[in-house]
Amino acid sequence: MKEIFDVYKNKLDDFIVSLKAKVKQQPLTSQLLEEIRNEINQWGKNNLNLMFLELKSLIDSKQIDEYKKKTILERAQSLTEYGLYVAPIDLIQQEDTNSKSIYIACATLLGASILQKLLFKKFKFVNSALLATIAYLVSKSYFSDNQNNTDVVLSYIDDAKEWLSAAFDNIYKTFEELA
């Protein structure tokens, strides 16, 4: 039974390496992000189900109390389905760059206004607006930096690997109770 588990863990490692290489080689687009999520979902669905079926056939060949076997199989099946959840692609997309930049620009406008009032005893809207515009443009450039997004996507892939790895572990441990 451990051999089956090890095969699927190795398959997961290989799959993650290939996904990361794909991300590093191609420019990030919303199509690529959706493709990555779909690949993770499909791979997880196929391999979690295959591992479940292999372990189930191994258990079916043994003489075990039917009630206990049924209970364990139901738990393993639900873990298989639970393991198929992968976070929505929205979490790795730009997380609404405009709102972050607008928030920073507004905070800059407010901060510059208060600072002018404290230092010069008067408020000059043009100066504050200029600083806010610069803050907006700089933050927009920072948040839309492609390398930064690549790092976020690679982190997302690592999180998906941990999720799938935990699903494999939990399914294996469930079947191990019957062995």
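For the numbers below, each heavy atom of this structure counts, side chains included, while hydrogens, waters and symmetry mates do not. Numbering of residues begins at 1 and proceeds along the displayed sequence.
- Glu176 places a side-chain heavy atom less than 4.5 Å from the side chain of Tyr172.
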Practice task
Evaluate the criterion side chain to side chain contact (heavy atoms under 4.5 Å, CB included) for residue pair Leu164 and Trp43; output intermediate values, then yes/no.
Solution key: CA-CA 10 Å; Leu164 289 169; Trp43 190 93; 4.1 Å; yes
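- By the rule that hydrophobic residues join a cluster once side-chain heavy atoms approach within less than 4.5 Å of another member, Leu19 and Val17 end up as members of separate clusters.
- To the nearest 0.5 Å, the span separating CG on Asn49 from NZ on Lys56 amounts to 12.5 Å.
- Ion pairing of Asp169 with Lys173 is absent here, as no side-chain N (NZ or NE/NH1/NH2) approaches a carboxylate O to less than 4.0 Å.
- Leu58 is connected to Leu48 through a chain of hydrophobic side-chain contacts under 4.5 Å among Ile, Leu, Val, Met, Phe, Trp and Tyr, so both are in one cluster.
- Contact between Phe168 and Met51 at its shortest, heavy atoms only, is CD2-SD, 3.1 Å.
- Exactly one of Thr174, Leu50, Ile171 qualifies for a side chain to side chain contact (heavy atoms under 4.5 Å, CB included) with Leu55. That residue is Ile171.
- Each of Glu3, Lys9, Met1 was compared with Phe5 under the side chain to side chain contact (heavy atoms under 4.5 Å, CB included) criterion, and only Lys9 meets it.
- The structure places CD1 of Ile4 at 6.5 Å from OG of Ser57, a figure rounded to the nearest 0.5 Å.
- Note that the CG atom of Asn41 and the CD1 atom of Ile36 stand 12.5 Å from one another [nearest 0.5 Å].
- Between atom CD1 of residue Ile157 and atom CD of residue Glu39 there is a gap of 9.0 Å, rounded to the nearest 0.5 Å.
- For the pair Leu154/Val23, a side-chain contact is recorded, criterion being any heavy-atom separation below 4.5 Å from C-beta on.
- The CG atom of Leu12 sits 9.0 Å away from the CD atom of Glu162 when rounded to the nearest 0.5 Å.
- You'll find the side chain of Lys20 reaches within 4.5 Å of the side chain of Asp158, heavy atoms only.
- Two residues are said to be in side-chain contact when any heavy atoms from C-beta on lie closer than 4.5 Å; Ile40 and Lys161 fail this criterion.
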